[in-house]
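Predicted model only: the values in this text are computed from it and were never measured.
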Amino acid sequence: MYSYIKGTLAEIAEGYIVIDNHGIGYQIQTSANSIDELPPLGAEVKIYTYLHVKEDGMALFGFPAKETLKIFQLLLRVNGIGPKGALGILAALSVEELRFAVLAGDVKAISKAPGIGAKSAQRIILELKDKLNIEDLYTETQTEPKSAPEKGSSARNEAVQALVALGYSSSEALSAITKADVSQKADVEDILKAALKAMAKF
């Protein structure tokens, strides 16, 4: 029904914001991470929205980033995850962290979210893994064309496995490899060196 709402940020409260659009105040539920991304009160904002309809009423959810809304809607499709649970996950993990955790199969990372146990985390990974492309993570942080050679992708996957063997979690390893400042044609050794160098900065 609503793709987005653009207006003045009139109120920020715990768990929701109010956007004034031509004298109408739209109460939009959102995550704590999204609230942290917002400008000061009185600023103009554009919030991408989702209208959740149930038997006892309607609720409007929204996020300043379109990608966050996409992930929120994917979470809602997971059996047993409602709007409250999805917001909790997006409050505990950034969109990037959640994507890394899902693609790496990191149950522990997703279980950090309130109300999400190991079984729910496993279900999230199972149902979302095929909807998130690992190659998109690699290419989003590279300036080279998306059509990366298969050899480069294979080397990155081997580097992820090597970092896991060194004791890093799957999502930490995947995040580090994705952010490594190397070319698409780099070999495993070069990727590992760049990833460990990047990790040492944090």
Item to check | Value rounded to 0.5 Å, distance of CD1 in Ile17 from CD1 in Ile28 | outcome: 5.0 Å
Checklist entry - Who pairs with Lys46 by side-chain contact (heavy atoms from CB on, under 4.5 Å), at least two apart in sequence or on another chain? => result Tyr4, Lys6, Tyr48
Checklist entry - What is the distance from atom CZ of Arg77 to atom CG of Leu128, rounded to the nearest 0.5 Å? => result 9.5 Å
Item to check | Partner set under side-chain contact (heavy atoms from CB on, under 4.5 Å) for Pro40, not counting sequence neighbours | outcome: none
Checklist entry - Between atom CD1 of Ile5 and atom CG of Asp20, what is the distance when rounded to the nearest 0.5 Å? => result 11.0 Å
Checklist entry - Taking the six-membered ring for Trp, are Phe63 and Phe72 parallel (under 30°), tilted (30 to 60°) or perpendicular (over 60°)? => result tilted
Checklist entry - Side-chain heavy atoms under 4.5 angstrom apart, residues restricted to Ile, Leu, Val, Met, Phe, Trp, Tyr: same cluster for Tyr50 and Leu74? => result yes
Item to check | Non-hydrogen side-chain atoms of Leu90 and Ser34 separated by less than 4.5 Å | outcome: no
Checklist entry - Nearest 0.5 Å, what's the CG-NE2 distance between Leu60 and His52? => result 12.0 Å
Next on the checklist: Using a 3.5 Å distance criterion without hydrogens, assess whether the side chain of Thr30 forms a donor-acceptor pair with backbone atoms of Gly62.
Outcome noted: yes
Next on the checklist: Determine whether Leu98 and Leu75 satisfy the following criterion, side chain to side chain contact (heavy atoms under 4.5 Å, CB included), listing intermediate values before the conclusion.
Outcome noted: CA-CA 11 Å; Leu98 179 60; Leu75 286 169; 4.0 Å; yes
Checklist entry - For Asn79, does its backbone N or O pair with a side-chain atom of Arg123 as donor and acceptor, under 3.5 Å? => result yes
Next on the checklist: Going by side-chain contact (heavy atoms from CB on, under 4.5 Å), name the residues that satisfy it together with Gln29, two or more places apart in sequence or in a different chain.
Outcome noted: Tyr16, Ala59, Phe61, Leu87
Item to check | Student check: side-chain heavy atoms of Pro64 and Val45 closer than 4.5 Å | outcome: no
Item to check | Shared hydrophobic cluster for Ile12 and Tyr26 (ILVMFWY, side-chain gaps under 4.5 Å) | outcome: yes
Item to check | Contacts of Ala65 that satisfy side-chain contact (heavy atoms from CB on, under 4.5 Å) - sequence neighbours left out | outcome: Thr68
Expected list for residues 102-122: side-chain donor-acceptor pairs under 3.5 angstrom, two or more places apart:
| from | atom 1 | to | atom 2 | distance (Å) |
| --- | --- | --- | --- | --- |
| Asp106 | OD1 | Lys108 | N | 3.4 |
| Asp106 | OD1 | Ala109 | N | 3.1 |
| Asp106 | OD2 | Ser171 | OG | 2.5 |
| Ser111 | OG | Val107 | O | 2.8 |

Next on the checklist: Measuring from atom CG of Leu76 to atom CD1 of Ile81, what distance do you get when rounded to the nearest 0.5 angstrom?
Outcome noted: 9.0 Å
Considering only distance and modelled atom types, tabulate donor-acceptor pairs under 3.5 Å from the side chains of residues 188-196, sequence neighbours left out.
| from | atom 1 | to | atom 2 | distance (Å) |
| --- | --- | --- | --- | --- |
| Glu189 | OE2 | Lys193 | NZ | 3.3 |

Item to check | Shared hydrophobic cluster for Ile35 and Ile47 (ILVMFWY, side-chain gaps under 4.5 Å) | outcome: yes
